[in-house]
Amino acid sequence: MIRVASWNINSVRTRIGHLTDWLRQEKPDVVLLQEIKCLTDGFPSLEIEDLGYNLAIVGQRSYNGVAILSRHPMTVEADRLPGPAEDGQARYVEAVVQAEGKVLRVASIYAPNGNPVASDKFPYKLAWLARLRDHARELLRFEEPVVFGGDYNVCPTDDDVYDPEGWQDDALCRTESRAAFRRLIHLGLTDAFRALHPEPHRYTFWDYQAGRWQRGEGLRIDHLLLSPQAADRLGAADIDKGPRGKEKPSDHTPVWCELEL
DNA sequence: ATGCCGGGCGAAGCCCGA
C-alpha cells in the first residue's frame, strides 16, 4: 500500500514546522506540495530529507512553486507542462516513483486561480487546464498508475462550495472552469475523494477572511485524479482537516489516498 | 462596491491569492 497526499502549503518556509509535524504524524509515502513560494535553493530540504524523503522541487521567487516528497526512489520526468508558450510560472512537476517493485507516476499541480474573470488571468487559467489535459492524454497512453494531484483551483460542482450562488461568477466556480475540469475527467480520470465520499460539502480550502474556517464555509478545490490503473487500486481517500485547525495554518488542508500497488 | 486575512518583499505599502 502506498499513501499519496496533496497539500497547498502556502509558503513552505513559513509552514515548515507544520509540515514536519504532519509528516512525522501521518508518514505519507508521497506528498505533492503547491505554493511553496520560494526558489528551489531556498527550500528547507535538510529538514525534509532528515525525515527520509527524497525531493523534487520546482521553485520560483515569491509566488507559486511545487514539489514532490517521496520516501521511495524517484526520478523527475518533467519540471513544466509541455506547451508552445513558456510562461515561467512554476506550476507543475512530475516524477516516477519506484515503490514495492512497482512504478507509480505522480504530478504536483498548481493551476492558476483565474480571478478576476474579466482579466487575462481567466483565459490563462483555461488555457493552462487545456495544456494539462493534453499532457494527461499523452501520459494515459502508457496505461500505468498515475496520480495527478494538486490545487486545481476548480470547485467541480455546487456540492463542493458553501455558497454556490455567491460563487457562481468566481473563476473557481465558473461554468468554463468546471467544463475544463470535466474535460480532464472525461479522459478517464477518477476523483479519488469523490469516488469514495458521495456526501456534499466536504472542503479542502477555507478563506482566512470572514471566519470561514470557524463557520465551516469552504471549497473543495484540491483533487487527486487517478488514471484507470490507479483507480483500480484505490483503497481509501479522505481530507485531513487537522492542519487547517493549527495556529498560523495554510488556508488549504491535505487530501490523501491509498493505493494497493 | 470593497475589505476582511495572510505571505513575499523589504522595510511602507503593494501585489497576489481564492
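Chain letters run A, B, ... following the sequence lines, proteins first and then strands; every chain starts at 1. Side chains included, hydrogens not; waters and symmetry mates left out as well; all remaining heavy atoms used.
- Remark: P of dC15(B) and CG of N64(A) are 17 Å apart, rounded to the nearest angstrom.
- Distance D170(A) CG to dG17(B) P: 12 Å, rounded to the nearest Å.
- In this structure, K125(A) reaches neither bases nor backbone, as no heavy-atom distance under 4.0 Å exists between it and the strands shown.
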All N/O pairs under 3.5 Å across the protein-nucleotides 6-10 of chain B interface:
from    : atom 1 : to      : atom 2 : distance (Å)
dG7(B)  : OP1    : R15(A)  : NH1    : 3.4
dG7(B)  : OP1    : K248(A) : NZ     : 3.4
dG7(B)  : OP2    : K248(A) : NZ     : 3.1
dG7(B)  : O3'    : S11(A)  : OG     : 3.2
dG7(B)  : O3'    : T14(A)  : OG1    : 3.4
dG8(B)  : OP1    : S11(A)  : OG     : 2.4
dG8(B)  : OP1    : T14(A)  : OG1    : 3.2
dG8(B)  : OP2    : T14(A)  : OG1    : 3.3
dG8(B)  : O3'    : S62(A)  : OG     : 3.4
dC9(B)  : OP1    : S62(A)  : N      : 3.4
dC9(B)  : OP1    : S62(A)  : OG     : 3.3
dC9(B)  : O3'    : R61(A)  : NH2    : 3.4
dG10(B) : OP2    : R61(A)  : NH2    : 3.2

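- Computed from coordinates, the Q60(A) CD to dC15(B) P distance equals 18 Å when rounded to whole Å.
- The backbone N or O of Q229(A) lies less than 3.5 Å from no partner atom in the side chain of E144(A), so there is not a single donor-acceptor pair.
- Between the CD atom of E35(A) and the P atom of dC15(B) there is a distance of 18 Å, rounded to whole Å.
- Nearest approach of R202(A) to D238(A), heavy atoms of both residues: NH2-OD1, 2.7 Å.
- The hydrophobic cluster around I221(A) extends to V161(A), Y162(A), W167(A), L172(A), Y203(A), F205(A), W206(A), W213(A), L219(A), counting ILVMFWY residues whose side-chain heavy atoms fall within less than 4.5 Å of a member.
- W22(A) places none of its side-chain heavy atoms less than 4.5 Å from the side chain of T253(A).
- Sequence neighbours left out, the pairs with a member in residues 46-58 of chain A that pass side-chain hydrogen bond (donor to acceptor under 3.5 Å, both in side chains) are Y53(A)-R71(A).
- Aromatic ring orientation, H223(A) versus Y152(A): tilted (interplanar angle from 30° to 60°).
- Pairing each heavy atom of M74(A) with each of Q98(A), the nearest pair is N-OE1, 4.0 Å.
- Between the P atoms of dA12(B) and dG17(B), the separation comes to 25 Å (whole Å).
- Between the R178(A) side chain and the C155(A) main chain, a donor and an acceptor come within less than 3.5 Å of each other.
- Straight-line distance between the P atoms of dC15(B) and dG10(B): roughly 15 Å, to the nearest whole Å.
- The closest donor-acceptor contact from the side chain of K125(A) to the backbone of N153(A) lies under 3.5 Å.
- Only the C1' atoms considered, dG3(B) is 16 Å distant from dG13(B), to the nearest whole Å.
- Following rounding to the nearest Å, I9(A) (CD1) and dA18(B) (P) show an atom-to-atom distance of 14 Å.
- Connectivity analysis of hydrophobic side chains (ILVMFWY, heavy atoms under 4.5 Å, direct or indirect) links Y208(A) to nothing; its cluster partners are none.
- Projected onto DNA chain B by closest heavy-atom contact, A210(A) and L172(A) fall at different nucleotides, the more 5' of which corresponds to A210(A).
- In this structure, N113(A) reaches the dA18(B) phosphate: one of its side-chain N or O atoms is under 4.0 Å from OP1 or OP2.
- The heavy-atom pair separating Q34(A) from S108(A) by the smallest distance is NE2-OG, 3.2 Å.
- With S11(A) contributing its side chain and K37(A) its backbone, the two residues share no donor-acceptor pair below 3.5 Å.
- Within residues 151-169 of chain A, the residues having any heavy atom under 4.0 Å from DNA chain B are, by residue number, D151(A), N153(A).
- Proximity of residues 211-223 of chain A to DNA chain B (heavy atom under 4.0 angstrom from any strand atom) is restricted to I221(A).
- dA1(B) sits 23 Å from dA18(B) when the P atoms are compared, rounded to a whole Å.
- Here the separation of dT2(B) from dG6(B), taken at their P atoms, is 22 Å to the nearest Å.
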